[in-house]
Amino acid sequence: MLDQGVFYFFAALAILSAILVVTRRNAVQSAIFLVTALLATAGIFLNLNAEFLFIVQVILYAGGIMVLFVFVIMLVNLDVALHQVQFNRQWFVALIVSAVLAAQVAAAIAVSRRTLYTVPAAPAESLEPNTERVAFYLFHNYMLPFEIASILLLVAMVGAVVMAKKRV
Amino acid sequence: MVPIGHYIFLSVALLAIGIVGIVTRRNVIIILMSIELILNAVNINLVAFSRLVGSVEGQIFAIFIITDAAAEAAVGLGIIIAFFRNRETVLADEMDILKW
Amino acid sequence: MNVIMPYVLPVLFALVIVALLPLLAGYIVLVERKVMADMQVRLGPMRVGPHGLLQPIADAVKLLLKEDIIPENADRLVFWGAPLISVTAAMLALAALPIGPFFQIADLNIGLLFILGVSSLGIFGIVLGGWASNSHYSLLGALRSAAQLVSYETSAGLAIVGALLLAGTLSTRGIVQAQSATGWWFIFVAPVGFFIYLVASIAETNRAPFDMPEAESELVAGYMTEYSGFRWALYFLAEYTNMIVVASIATTLFLGGWLRPFANTPLFNFLDYLPPLLMLGVAGYCFWRAPKQPVAVQKMFMVAVGLLCIALTLALAMPLAAPAGSLLASSKAGIHGAFWFLFKVAAYIYVFMWLRFTFPRYRFDQLMRLGWQFLVPLSIVNVMGMGLGLALHRQLNWPAAPALILGIVLTLAAGAYLLATGEKHEHPRVGEEEETSVDA
Amino acid sequence: MAERYKTAGTNVETTVLGADEIILNMGPQHPSTHGVLRVKLRLDGEKVVGSECVIGYLHRGVEKIAEHRNYQQFAPYVDRMDYVAAVSNGLGYCEAVEKLLGVEAPPRARVIRTILTELQRIASHLFWLGTHALDIGALTPLFYCLREREEILKIFEKYCGARLTTHAFRIGGMQYEAYDELEKDVERFCKDFDKRVDEYEALLTENRIWVGRTKGIGVLTADAAIAMGVTGPVLRASGVQWDIRKAMPYAAYDQYEFSIPTGKSGDTYDRYLVRLEEMRQSRKICLQAIEKIPAGPILGKVGKVLKPPPGEIYHSIEGPKGELGYYIVSDGTTQPYRVRIRPPSLMNLEALDQMIRGHLVADVVAVIGTLDIVLGEVDR
């Protein structure tokens with residue numbers, strides 16, 4: 001009962017914030033609402049017994065990536081930008097895409113309505129203790145992807161430094 | 001646990017909002033943020049199914065996606081800064097030349 | 001009913017913490033001013049209450065009554081909300097701290113990461129506050145402050161990893177229990193990690209000698225420049241709460257949490273009598289000073305403080321006197337644990353103050369160089385050294401002492417090397433070559 | 001380029017990225033410009049590429065006032081120039097007028113003058129050290145310094161009743177006889193002052209942060225220093241051994257043993273060391289002077305109405321901050337025709353631009369501090 005309430009609260013928060021992210025004129029406010037959306041998602045993770053992922057989401061996404069975003073917004077912040085037109089005229093494209101997506105989802109739900117709502121979830125204990133399990137999989141079964149991801153990060157870091165460096 | 005269908009629904013909603021953001025906004029930074037929204041939508045799906053089947057492998061995938069998002073944000077913002085320094089704009093439709 | 005019951009005690013604890021924290025922060029400020037005065041051959045606040053004991057309350061009233069100014073072109077909503085973000089983040093972090101074995105809001109599986117993650121959200125309060133003020137100094141101060149926070153969080157996190165390797169758990173309670181089991185606080189096993197964390201935590205809380213955003217002569221007051229009255233007080237509250245948080249992390253992780261010194265040695269059991277005696281001493285001092293106060297109100301207040309200390313003495317002494325096995329005796333761990341935890345936190349914060357009044361301030365580029373070129377490499381080496389020591393001990397069955405000492409020695413050698421090479425980079429003066437080009 | 005300069009505060013984004021150079025305004029209301037100095041900094045990012053000092057916010061027309069007062073009446077005004085070293089100012093003025101009159105102060109007055117001036121030098125340096133350290137972020141030395149300065153001010157107070165603007169000397173000697181325990185007070189102060197200086201050194205000299213903040217900052221080469229007309233500790237820290245107390249002795253300095261400390265590299269750290277050593281040397285002078293204070297009158301033969309013969313005179317002394325010169329033109333009346341004062345702070349401030357180029361904004365504060373300027377003297 002409490003679990004479900006928490007989920008619906010966070011889901012509503014996430015969707016509301018997401019809508020505000022794409023509709024606010026001011027990029028800083030968009031960023032603030034994106035942080036809210038990310039934290040709401042983190043709450044949903046916690047509700048799903050994914051504690052480690054919850055904290056990864058908070059530290060990395062909300063605390064790390066979004067700080068980077070806010071930084072860059074402030075670096076390139078132009079007062080002029082506020083007076084420019086913030087939306088282009090492709091709203092009909094967006095409408096079509098959304099409509100198609102909605103249709104697909106509706107179709108998918110219609111087809112698998114029965115299973116979608118009746119599949120029993122595995123017991124919550126199967127994910128405990130969360131941190132240890134994640135670590136085991138990460139460093140055991142997914143060792144190679146893990147290393148590849150670290151190389152990806154290294155490349156991204158070098159790339160970001162090179163690109164953001166002042167031209168001499 | 002809340003029925004899995006609701007998670008899928010939330011995920012699709014976030015995906016749709018993200019796509020709307022990408023398609024309609026002019027500011028590149030907000031477009032990047034919309035991409036983050038989409039990545040999040042994916043993560044919700046992965047973690048919800050991981051809970052459903054009782055295996056943490058879905059969470060591992062989500063961790064990789066977050067890693068990828070970090071890399072993407074770093075590079076993307078680096079490009080934006082470099083571009084801003086040269087053209088003094090962050091609007092996507094003004095990025096219309098191949099060389100500067 | 002059963003749904004609600006498990007939440008009652010944590011909510012109660014949370015309420016206690018939230019209610020007491022502003023008072024505590026106010027008195028830390030008072031203590032800081034007193035310590036500063038003592039180091040600077042002065043008396044410090046003496047007017048409000050005996051020995052200035054009511055000064056924090058007077059300050060709080062003053063701040064609440066001050067005019068609340070919002071700059072003309074500020075983003076009102078963000079300006080309004082930014083201090084709240086800072087305070088909320090700092091207070092949330094307190095949730096996972098074990099103040100004694102029984103007094104803890106929640107013992108999370110990811111406890112330590114939770115504290116780190118949530119407290120790192122405080123950056124948003126700083127950056128957004130600086131941005132919303134729509135002022136030159138605020139924005140620069142905010143960006144600097146955030147850059148500093150992010151940089152030093154890296155080394156603080158890595159320093160913590162070293163100790164986590166020893167504990168093998170992220171739960172704060174589990175960490176203290178691990179120290180209790182071996183009888184060695186982690187500061188003795190991972191001294192380099194403690195040193196790195198000490199430096200990084202000072203920088204993270206923006207305190208001298210790393211207080212760029214607040215006192216740097218060219219930035220006036222950094223991100224807080226445009227804030228006044230209550231909002232400014234909120235930022236201050238967040239700052240002092242953060243101090244408590246980092247001190248608590250250090251206490252939990254390195255200084256044995258709620259454990260008494262030599263907790264496993266029966267020879268030192270007499271240390272149990274130290275807390276009540278200490279409180280009794282303070283009470284005695286209060287009673288001795290009370291008649292010497294000039295005003296009747298001050299006399300009464302002094303006596304009241306003395307009585308409070310007597311009450312604390314009783315609370316600390318009763319479990320010792322009670323017969324073994326009774327409820328009171330079993331509460332000893334909780335009460336004395338809380339005392340030792342707070343005692344260590346206070347000592348850690350005292351070190352902060354001591355450093356602040358001793359050292360000049362770093363320049364921003366020096367600060368960044370120290371962070372990235374010395375602390376981060378050192379903390380990486382520290383993690384590897386700890387890992388090596390533990391691997392030798394656990395996998396190859398070396399005795400613990402030589403294995404860990406080998407790791408520490410390797411780390412220290414790397415630190416010495418970094419210091420030696422760092423000297424060369426110390427003054428890459430922008431001056432020499434460019435000065436001529438400017439003149440030309 | 002020029003059209004892109006914008007004053008700070010009007011446009012935030014120009015300071016962060018985009019523009020190549022901006023102008024940042026420091027002062028006149030700023031915690032670390034020592035009063036009302038205003039510095040316009042031209043910045044490339046955080047780096048200073050040029051600067052301009054705007055002075056005059058404390059201009060009171062001291063030189064003009066002199067033309068409408070007679071010689072004795074003007075003496076208290078000079079105390080208000082360098083208000084942290086009033087005794088030295090008074091000494092310079094009195095000696096200049098004495099020279100113009102052709103009289104000399106009696107030996108007893110000269111020795112007491114020397115003692116008080118050296119104490120004032122110590123007091124001025126102490127105040128400099130405290131505020132300089134405070135600028136760089138060390139909070140505590142200020143209070144230690146003020147503690148010792150208080151002792152000196154107490155001696156002044158006992159001597160003439162004033163602490164800050166003392167008007168201690170009169171033309172031709174001094175007005176008051178030294179009080180009975182002057183020697184004892186000075187000796188007591190000097191006895192443990194050496195240890196006190198060691199205390200400051202313990203806090204700062206080998207402190208990594210202090211060294212990092214001061215070494216290599218604001219370098220002034222000997223040639224540049226001479227070319228700029230810089231004097232005092234700033235000049236000596238650049239390695240030039242020039243001290244008017246030795247070069248053209250006045251008061252009673254020719255009777256005492258002391259050395260002139262010099263620096264090597266002329267950076268902020270050297271200036272710090274030179275001033276500390278100067279404090280020690282001043283203490284030495286004081287100790288020598290109180291050993292034998294000659295007996296005799298304290299006021300020379302000067303009339304009640306001073307009418308110097310027509311002519312002009314330039315007399316300078318080694319003030320705590322550098323060469324403090326008085327150029328007085330007399331037309332034979334009771335009022336000077338023209339007084340021109342050479343304040344050391346003003347000349348030293350000229351070097352600021354050269355010293356801060358290529359450094360960061362935070363260093364500007366350190367360099368302003370190390371120059372030891374007093375705006376009352378700069379603006380007069």
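So that the names make sense, note that chain A is the first sequence line, chain B the second, and so on, each numbered from 1. These numbers come from a predicted model, not from an experiment.
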Measure across [X] and [Y] and return the closest heavy-atom pair with its distance rounded to 0.1 Å.
X        : Y       : answer
B:Gln59  : A:Asn49 : NE2-O, 4.4 Å
A:Val22  : B:Arg25 : O-NH1, 2.8 Å
A:Leu153 : B:Ala70 : CD2-CB, 4.3 Å
A:Ala18  : B:Ile17 : O-CG2, 3.4 Å
B:Val47  : A:Ala50 : CG1-CB, 3.8 Å

Among the listed options B:Gly76, B:Gly18, B:Ala69, the residue most often paired with chain A at heavy-atom distances under 4.5 Å: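 Heavy-atom pair counts peak at B:Ala69.
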
Between B:Ile22, B:Ile31, B:Asn40, the one whose heavy-atom pairs under 4.5 Å with chain A are most numerous: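 The residue among B:Ile22, B:Ile31, B:Asn40 with the greatest pair count is B:Asn40.
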
Rounded to the nearest 0.5 Å, how far does [atom2] of [Y] lie from [atom1] of [X]?
X       : Y        : atom1 : atom2 : value
B:Ile66 : A:Gln57  : CD1   : CD    : 5.0 Å
B:Leu32 : A:Ser30  : CG    : OG    : 12.5 Å
B:Ile80 : A:Met163 : CD1   : CE    : 10.5 Å

Members of residues 143-152 of chain A whose heavy atoms come closer than 4.5 Å to chain B: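 Checking residues 143-152 of chain A against chain B gives A:Pro145, A:Phe146, A:Ala149, A:Leu152.
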
Chain B contact residues among residues 31-41 of chain A, heavy-atom distance under 4.5 Å: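 Within residues 31-41 of chain A, the residues under 4.5 Å from chain B are A:Ala31, A:Leu34, A:Ala37, A:Leu38, A:Thr41.
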
Mind checking whether [X] and [Y] have side chains closer than 4.5 Å, heavy atoms only?
X        : Y       : result
B:Leu77  : A:Phe71 : no
B:Glu36  : A:Tyr61 : yes
A:Ile73  : B:Met33 : yes
B:Tyr7   : A:Ile44 : yes
A:Asn141 : B:Ile60 : no

Engaged part of A:Phe136 at the chain B interface, taking heavy atoms whose separation is under 4.5 Å: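 Contact with chain B involves no heavy atom of A:Phe136 at all.
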
Tell me, side chain or backbone of [X] under 4.5 Å from chain A's heavy atoms, or both, or neither?
X       : answer
B:Ile8  : side chain
B:Ala74 : both
B:Thr67 : both
B:Val75 : both
B:Ile79 : both
B:Ile29 : both

Tell me which donor-acceptor pairs under 3.5 Å the side chains of residues 7-16 of chain A have, and how far apart each pair is, sequence neighbours excluded?
{"unit_1": "A:Tyr8", "atom_1": "OH", "unit_2": "B:His6", "atom_2": "ND1", "d": "2.5"}

Sequence neighbours left out, cut at 3.5 Å: what donor-acceptor pairs do the side chains of residues 94-109 of chain A make with other protein atoms?
{"unit_1": "A:Ser98", "atom_1": "OG", "unit_2": "A:Ala94", "atom_2": "O", "d": "2.7"}

B:Phe64 vs A:Leu138, side chain to side chain contact (heavy atoms under 4.5 Å, CB included): CA-CA, chis, key distance, verdict: CA-CA 10 Å; B:Phe64 283 128; A:Leu138 207 53; 4.1 Å; yes

